[in-house]
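Below is one structure, written out as structure tokens, with a few remarks after it.
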There are 2 protein chains.
Amino acid sequence: MVETMPGDALSGGPEDDFLRLDQQVCFSLHAASRAFNGVYRSALKDLGLTYPQYLAMLVLWEHGELPVKRIGEHLRLDSGTLSPLLKRLEAAGHVERRRSSEDERSVTVRPTEAGAALRERARAVPRRIAAATGLPLERVRALREELNALTAALDSADPVAASPCTAESD
Amino acid sequence: MVETMPGDALSGGPEDDFLRLDQQVCFSLHAASRAFNGVYRSALKDLGLTYPQYLAMLVLWEHGELPVKRIGEHLRLDSGTLSPLLKRLEAAGHVERRRSSEDERSVTVRPTEAGAALRERARAVPRRIAAATGLPLERVRALREELNALTAALDSADPVAASPCTAESD
DNA sequence: CACGATTGAGTTGTGCACAACTGAATCGCG
DNA sequence: CGCGATTCAGTTGTGCACAACTCAATCGTG
């Protein structure tokens, strides 16, 4: 019977280095994302928003009024995630949803007055987050660029998750 | 009645730049994490593992046998997340759980033979992921370092999410 | 030894993410 | 015009993440 002990001869190949390195990258990303989420959780508690709800409000504050579809494009989320999220934002009085009269399939979302007022209170949030990162702004900017490039690469490499028409079909 | 139009005079302050930049950083991280998840979803489909389950198996493959507590320390996850995840891994026949005889509170988890065998098939995964990132290994390593530093900073800045004894109490 | 505090795993409830699907509205081509 | 294909929002089901909690085992100190 073969014992698969850690550090054994069985796990000495370069494949395992790959495995280990790889694990670090994706896991670091995963952990950093959750750590950010935790800090936002604290920062947003006063506003009664979760982090994804905050992202949705950012989009709406910036664009004023958008169909669900457009919000999804900004956040890279589909209706399966957005519909319940927006319903919760509506229940909390932050947004208003109504069917478009031009296209009855579409639902237009926009901040209520209370939702717009919330923006003022949200102004304090980014400062807290920036302080928590402990990084200079340039560093943050560089990191952002790299992550965006990485996301684009991953999306285009994964024909399932990416937009169906992204891959060249010629 | 005040219209809060996008790009209006109301949103011209430096606060909004902060808001916008901030949104980019955390959101980029969030999006990259989800993009990674999507690629792993494809790569792990054959193995019948989700991405978090894969992470747990990586830890177990490396260490051979661990109590739930230790797995949680490696992955930065608590029992609320791990317990159901490990039960699913057990139901799939990948791991075995049993109460420690030394400390009846503790549950020791280790790969079954089938779970250990799965490792061989998992060796193909990192290559696929590395290819999908389209980044050279050095770049990946640098990114990992930065993300780890960021996570550490965020954890220490958030007294709730971090270890209760992290903050100095003197 | 006794008893309060702590530790470890598990459960419950909420919310996010995503695949797969439904159903209605719209589009487009014959 | 008519009818199949597409688009959009929403629903369902599964799984992860986390807060708050339960409960039993263990520890520490008197």
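Just so it is clear, the values below take in all heavy atoms, side chains as well, and ignore hydrogens, waters and symmetry mates. Note on naming: letters A, B, ... go to the chains in the order of the sequence lines (proteins, then strands), and numbering restarts at 1 for each one.
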Task: Spacing of B:His94 atom NE2 relative to D:dG15 atom P, expressed in whole Å - done: 12 Å
What nitrogen or oxygen pairs link the protein and nucleotides 4-9 of chain C at under 3.5 Å?
residue : atom : partner  : partner atom : Å
C:dT7   : O2   : B:Arg105 : NH1          : 3.1
C:dG8   : OP2  : B:Lys69  : NZ           : 3.1
C:dA9   : OP1  : B:Val68  : N            : 3.2
C:dA9   : OP1  : B:Lys69  : N            : 3.3
C:dA9   : OP1  : B:Val107 : N            : 3.4
C:dA9   : OP2  : B:Lys69  : N            : 2.8

Open item on the list: Does B:Leu82 reach a base, just sugar-phosphate, or nothing at all? Heavy atoms under 4.0 Å.
Closed with: nothing
Task: Carboxylate-amine/guanidinium proximity below 4.0 Å for B:Arg99 and B:Glu104 - done: no
TODO: Using a 4.0 Å heavy-atom cut-off across all strands, classify B:Thr50 as base, sugar-phosphate, or nothing.
DONE: sugar-phosphate
- [ ] Take the protein atom CD of B:Glu104 and the nucleotide atom P of C:dG10, then report the distance between them rounded to whole Å.
- [x] 13 Å
TODO: Specify the separation, in whole Å, of atom CD of A:Glu90 and atom C1' of D:dA9.
DONE: 13 Å
Open item on the list: For A:Ala153, is there any backbone N or O sitting under 3.5 Å from a side-chain donor or acceptor partner on A:Ser156?
Closed with: yes
Open item on the list: Need to verify one output field. Residue with the more 5' nearest nucleotide on DNA chain C, A:Glu102 or A:Arg76?
Closed with: A:Arg76
Open item on the list: What contact category does A:Leu85 fall into here, base, sugar-phosphate, or nothing, at under 4.0 angstrom with non-hydrogen atoms?
Closed with: sugar-phosphate
Task: Ring geometry between B:Trp61 and B:Tyr54 (parallel below 30°, tilted from 30 to 60°, perpendicular above 60°) - done: perpendicular
Open item on the list: Between B:Lys87 and C:dT11, is there a contact of a side-chain N or O with OP1 or OP2 at under 4.0 Å?
Closed with: yes
Task: Whole-Å distance separating the CG atom of A:Asp78 from the C1' atom of C:dC21 - done: 12 Å
Open item on the list: Taking the nucleotide of DNA chain D with the nearest heavy atom to each, does A:Leu86 or A:Asn37 sit closer to the 5' end?
Closed with: A:Leu86
TODO: To the nearest 0.5 Å, tell me how far A:Glu146 CD sits from A:Thr151 OG1.
DONE: 11.0 Å
- [ ] Answer yes or no: is there a donor N or O on one side and an acceptor on the other, between the side chain of B:Thr81 and the main chain of B:Leu77, under 3.5 Å?
- [x] no
- [ ] May I have the distance from A:Leu66 (atom CG) to D:dC8 (atom P), rounded to whole angstrom?
- [x] 14 Å
Open item on the list: Just the rounded figure in Å: distance from C1' of D:dA17 to OH of A:Tyr40.
Closed with: 18 Å
TODO: Please state how far atom CG in A:Leu89 lies from atom C1' in D:dG10, giving the value in whole angstrom units.
DONE: 16 Å
Task: Mutual orientation of the aromatic rings belonging to A:His30 and B:Tyr51 [parallel < 30°, tilted 30-60°, perpendicular > 60°] - done: perpendicular
Task: Salt-bridge criterion met for A:Arg70 and A:Glu73 (N-O under 4.0 Å) - done: yes
Task: Protein-nucleotide distance (A:His30, atom NE2; C:dA17, atom C1'), rounded to Å - done: 12 Å
